[in-house]
Number of protein chains: 2
Amino acid sequence: MLASDAARLEKQGIRATAQRLAIAEFVLHTDEHPCADEIWDAVRASFPMVSRATVYNTLNLFVDHGLLQALVVTEGRVVFDPNVEKHHHFIDEETGKIFDLPWEALEVGRIDQLQGFDVRDYQVVVRGTKRRRRARK
Amino acid sequence: MLASDAARLEKQGIRATAQRLAIAEFVLHTDEHPCADEIWDAVRASFPMVSRATVYNTLNLFVDHGLLQALVVTEGRVVFDPNVEKHHHFIDEETGKIFDLPWEALEVGRIDQLQGFDVRDYQVVVRGTKRRRRARK
DNA sequence: GTTCGTGCAAACGGTTTGCAACAAT
DNA sequence: ATTGTTGCAAACCGTTTGCACGAAC
């Protein structure tokens, strides 16, 4: 995955430094919706010489270049989602975990009939609890 | 409206102090989705002796008692909505303004078919721009 | 040698909290 | 007397920024 990460960065005119690749390797391939500090922790585990500022700067850079989507659903922190295609979100209110829901899993009707609004984008935010898988054995 | 505000507070076991009534008078009757500091400013205009801490504490109190809904849709600030019934939201990306959309304006299909999720609540978040009303004259 | 990226520490902005004065019961 | 409420200032926490050093072109 590293090679194609570098290719993706360069395709966006982003110079592929070691720090950025370490960040990309983690954040572009997670489905956990981590926040910046969680990303910092995860990246440092394999690549200790990254500063917090660089992580924040890089994440913003990735968002600006469409490699990452920033999500604001919980108070006080932004989380990042490498899935930049249209999709919905499920938020587990017990754990705080966020799950992607495929776009086709839900259907929103009458969105084109909203009076006086030019719709550019929409998504459903579902809250509840994720059912625990029955015990493994 | 003041009398009924006091009644609503007391029904929730909230003592109706002067500060709380001043806050309630503004925030329970707005459709502007203000943040805490905007509420502080608005309240001080008519009732100068309110501290910021009291505004923050009171808003949280109102949220805890179901008089107010806290909304997290923009980075770095929470906004408050006195409409505590199910409804959707439209966010004007140019102005940042938030508008309530009636629950019946949209219809979400297949929400009951989500596998492995216990849904407690959901709402559609629509982004775009509000069409300007044609000039007044 | 100029531009770009990094790291550090300080600044920032919204929110919470500790504490002392005060009001209500 | 006890309990609840307020105001102030300080603390907090996620994020941004200024600046100096170093790397890449």
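Here is the naming used below: chain letters follow the sequence lines, and residue numbers restart at 1 for every chain. Given the structure is predicted, the values throughout are model-derived calculations rather than measurements.
Side-chain proximity of Arg77(A) to the nucleotides dT6(D), dT15(D), dA9(D) is greatest for dT15(D). Among the nucleotides dT6(C), dT6(D), dT15(D), the one closest to the side chain of Val78(A) is dT15(D). Ranking dT6(C), dG7(C), dT15(D) by closeness to the Met49(A) side chain, first place goes to dG7(C). Which of dG14(C), dG7(D), dG7(C) sits closest to the side chain of Asp37(B) comes down to dG14(C). Checking dG7(C), dT6(D), dT15(C) against the side-chain heavy atoms of Tyr56(B) singles out dT15(C) as nearest. Side-chain proximity of Arg15(A) to dG7(D), dA24(D), dT6(C): nearest is dA24(D).
Both Phe47(B) and Glu75(B) sit near DNA chain D, but only Phe47(B) has its closest nucleotide nearer the 5' end. Take the nearest nucleotide of DNA chain D for Ile14(B) and for Cys35(A): the residue whose nucleotide is more 5' is Ile14(B).
Residue contacts shown for Arg52(B) include a base, since a base heavy atom lies under 4.0 Å away. Here Asn57(A) lies in heavy-atom contact (under 4.0 Å) with a base.
When the P atom of dT16(C) is taken as reference, atom CG of Leu61(B) falls 13 Å away, rounded to whole Å. Here dG13(C) presents its P atom at 15 Å from CD of Glu38(B), a figure rounded to the nearest Å. A straight line from CG of Leu71(B) to C1' of dG14(C) spans 16 Å, rounded to a whole angstrom. Atom CG of Leu59(A) is separated from atom P of dT6(C) by 12 Å (rounded to the nearest Å).
Contact annotation: Thr17(A) side-chain N/O to dT6(C) OP1/OP2 distance is under 4.0 Å.
In terms of modelled atom types and a separation under 3.5 Å, the side chain of Arg20(B) and the main chain of Arg15(B) share a donor-acceptor contact.
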Pair Phe62(A)-Leu9(A), side-chain contact (heavy atoms from CB on, under 4.5 Å): steps then yes or no: CA-CA 9 Å; Phe62(A) 286 0; Leu9(A) 298 208; 3.9 Å; yes

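Tested against Gln123(A), the residues His88(A), His87(A), Lys86(A) include a single side chain to side chain contact (heavy atoms under 4.5 Å, CB included) partner, His88(A).
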